[in-house]
Amino acid sequence: MTSTHEVVNQAPPREGLDEFAANVPLVEAVGRWGHQGPDAATADLHAVGSLVGSARFQRDAERANTDPPVLRTHDRWGCRLDEVDYDDAYHRIMAAAVGAGAHTSAWAKPGPGANVDRAAAFFLFAQVEPGHACPVSMTHAAVPTLELGASGLRDDWMPRLLSREYEPLLGGADAGATPKSSALVGMAMTEKQGGSDVRANRTRAEPTGADAPWGREFRLTGHKWFCSAPMSDAFLVLAQAPGGLSCFFVPRVLPDGSRNVFRIQRLKDKLGNRSNASSEVEFDGTAAWLVGEEGRGVATIVQMVTRTRLDCVIGAAAGMRQSVAEAAWHVRHRSAFGALLVDQPAMAAVVADLAIESEAATLTAMRLARAYDDDASGTEVAFRRLATAVSKYWVCKRGPGHAYEALECLGGNGYTEDFPLARRYREQPLLAIWEGSGNVIALDVLRVLAREPEAFDAFFDVVGVAGDEHAGFDLALAEARAVVHEVSTDAAAATSRARELTERLALVLQAALLVEHAPAAVADAFVRTRLEGGGGMLYGTLPPGTDTAAILARA
């Protein structure tokens, strides 16, 4: 080091931490809603928190994104291969996440709070490396749809989905090869001419007439515009059968050990999500087995879509936590103008405001996860039907702006690839787009209003518990109810007000959870800024009297 290059006043690396223990709102949520109860040990989550907070895991997260997946369509002799090579860092991350049960632990050991524990593990892994969360989430979400398949299909594949082993290679290139003992499952729904309008799909499914142990066999021909994690072992696919749009199970390796026809045309060059391969694929006489009823493909696969939407909420909340943690770390170690940044009111207000948003998202994600447990009442099922949609819309849309403001707290460092928030900033928009972008979700809320009005009754039962605690919340709740009534009685104006309705519902849900469960300083600041309009339009313009010190103590 030269005499002109002494490094001072830089924050030390944020590593060697237990990310679970450091996240007070998450610890409290798991204690409140998790399987183990408020007084039980959470050793597994502390182990995950220490792993993802380690320097090695963080280096793997960076490397998995800087050395992205590479497609190999053919081998050196010109034979079709259709495989994707990932850096070893990605495989280490996947092995850790699967080994911790971040994929299907809630199905393997169901019970009250099982989905909360699983969501917390998923949250911690996604907080540091979000790309791998895509196949982890899809495998979790595939279970209820796969349960609608033939008994032979379930018997062969369900134990593999529930396994905590991770086997990165497809295997089965030769007939007679031993099947893998574990599996990941993805989905392929959208096509280039339809996108979210999956009923415009043109992929054809022709029955073979065979009725094997896996159910009715078909052959698929067509193109899928987005197929993420193409090295998954099987996919749930929508295609047009003679009886209408239907759901099919498509394995990469067939029962006899030979490879199915699954032609990966190219990998998508995405803004973010670089560690995860997303692809276009062609089916050409591809073997597939019907799942659910023919002609009811959307109703069959919606079980999977609903849970991946929940994971988008969890993933966006995890991203907010990473953003807040990095910003809070920086301002507690960086000095400017004679004082630590955290001790300067303007910066303290920004980080506190970011922390409020993060805590609201975390509580929302964990409360929703609790509604997916197998002891959920009919009211809880109705509540989650609506609450998942409104939370997917709002929490995921808040992610990009939140990441940007946190990035700015680090100044020029935040804008470089040497720090994780540039990667996070590119990642957050994805969660608002995948599994239904804004208008798709808002229109889904209108469909719930038209077809399942009991979901709104259940929703207001849940949020109404927080009533009479804060005048600003009570007013916002009354206004939300009024908008629901207006939209339900004015079909002509409903579509134009779909986003307004969804936003109002999301905000009263978050406010209700904070009023009921968070410290008064956090709940009061959220209600005053998000519901009453106190402060300003950007983060950091908190109204007078906000207890920023108390809020920052939880960040």
Side-chain angles (χ1 to χ4, degrees), residues 25-26 28-38 102-123 137 140-145 147 302-318 359-396 431 435-436 441 444-445 447-449 451-466 477 480 502 505-518:
L26 182 62
E28 292 175 351
V30 171
R32 183 180 304 116
W33 294 310
H35 181 66
Q36 303 181 65
H103 61 329
T104 55
S105 62
W107 300 109
K109 294 182 178 180
N115 273 284
V116 178
D117 292 347
R118 178 261 161 190
F122 180 83
F123 182 112
S137 172
H140 162 74
V143 171
T145 295
E147 287 178 341
V302 76
Q303 299 291 328
M304 184 178 189
V305 173
T306 298
R307 285 169 172 80
T308 51
R309 284 180 175 177
L310 170 61
D311 279 356
C312 284
V313 178
I314 300 169
E359 183 158 352
T362 299
L363 260 67
T364 302
M366 295 301 119
R367 176 61 180 89
L368 279 175
R370 180 67 182 93
Y372 280 82
D373 285 324
D374 61 358
D375 67 333
S377 64
T379 298
E380 278 287 277
V381 172
F383 162 73
R384 80 191 190 200
R385 171 70 178 95
L386 177 60
T388 301
V390 299
S391 301
K392 163 69 170 72
Y393 175 90
W394 181 250
V395 174
C396 295
L431 295 162
E435 310 309 334
I441 299 296
D444 188 36
V445 170
R447 279 191 291 273
V448 176
L449 180 59
R451 301 175 185 175
E452 305 171 55
E454 66 276 8
F456 280 78
D457 296 333
F459 179 90
F460 285 117
D461 285 345
V462 170
V463 301
V465 173
L477 181 58
T502 306
L505 294 172
L507 283 169
V508 296
L509 173 59
Q510 289 192 316
L513 293 172
L514 290 172
V515 168
E516 189 175 0
H517 302 296

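Just so it is clear, the model here is predicted, and its values are computed rather than measured.
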Please walk me through it: do T306 and Y372 pass side chain to side chain contact (heavy atoms under 4.5 Å, CB included)? CA-CA 10 Å; T306 298; Y372 280 82; 3.0 Å; yes

With side chain to side chain contact (heavy atoms under 4.5 Å, CB included) as the test, would you mind laying out the steps for F460 and L477 before giving the verdict? CA-CA 9 Å; F460 285 117; L477 181 58; 3.7 Å; yes

Restricting to salt bridge (Lys or Arg N to Asp or Glu O under 4.0 Å), what partner residues turn up for R367, sequence neighbours left out? E380

For H35 and G111, the nearest pair of non-hydrogen atoms, with its separation, is ND1-C, 4.1 Å

How long is the span from the CG atom in D117 to the CE atom in M366, to the nearest 0.5 Å? 10.0 Å

With a 4.5 Å limit on heavy-atom distance, are the side chains of R370 and P112 in contact? yes

Heavy-atom nearest pair, F123 first then A318, reads O-CB, 3.3 Å

For A455 and V448, which heavy atoms make the closest approach, and how far apart are they? CB-CG1, 3.6 Å

Is the side chain of D373 donor-acceptor paired with the backbone N or O of N115 at a distance under 3.5 Å, no angle test? yes

Using modelled atom types only, decide if a donor and an acceptor are shared between the side chain of T308 and the backbone of V305 within a distance under 3.5 Å. yes

Would you mind checking if E452 and R385 are paired as a salt bridge, meaning a charged N to carboxylate O distance below 4.0 Å? yes

Taking all non-hydrogen atoms of both residues into account, name the closest pair between F459 and F383 and its distance. CA-CD1, 3.8 Å

Calculate, to the nearest 0.5 Å, the distance between atoms OG and CE belonging to S137 and M304 respectively. 7.5 Å

Looking only at heavy atoms, what is the nearest atom pair of A369 and A119, with distance? CB-CB, 3.8 Å

Salt bridge between D311 and K392, side-chain N to carboxylate O under 4.0 Å? no

Residue pair R118, W107: steps toward the side chain to side chain contact (heavy atoms under 4.5 Å, CB included) verdict: CA-CA 9 Å; R118 178 261 161 190; W107 300 109; over 6 Å; no

Spacing of I441 atom CD1 and R447 atom CZ [to the nearest 0.5 Å]: 9.0 Å

Atom pair CG/OG1 of L310 and T364 - distance to nearest 0.5 Å: 11.0 Å

Is R451 salt-bridged to D444, going by a charged N under 4.0 Å from an acidic O? no

Nearest heavy-atom contact between G315 and L431 is C-CD1, 3.6 Å

Show me, pair by pair, the donor-acceptor contacts under 3.5 angstrom made by side chains of residues 508-518, not counting sequence neighbours?
{"unit_1": "Q510", "atom_1": "OE1", "unit_2": "W394", "atom_2": "NE1", "d": "3.4"}
{"unit_1": "H517", "atom_1": "ND1", "unit_2": "R32", "atom_2": "NE", "d": "3.2"}

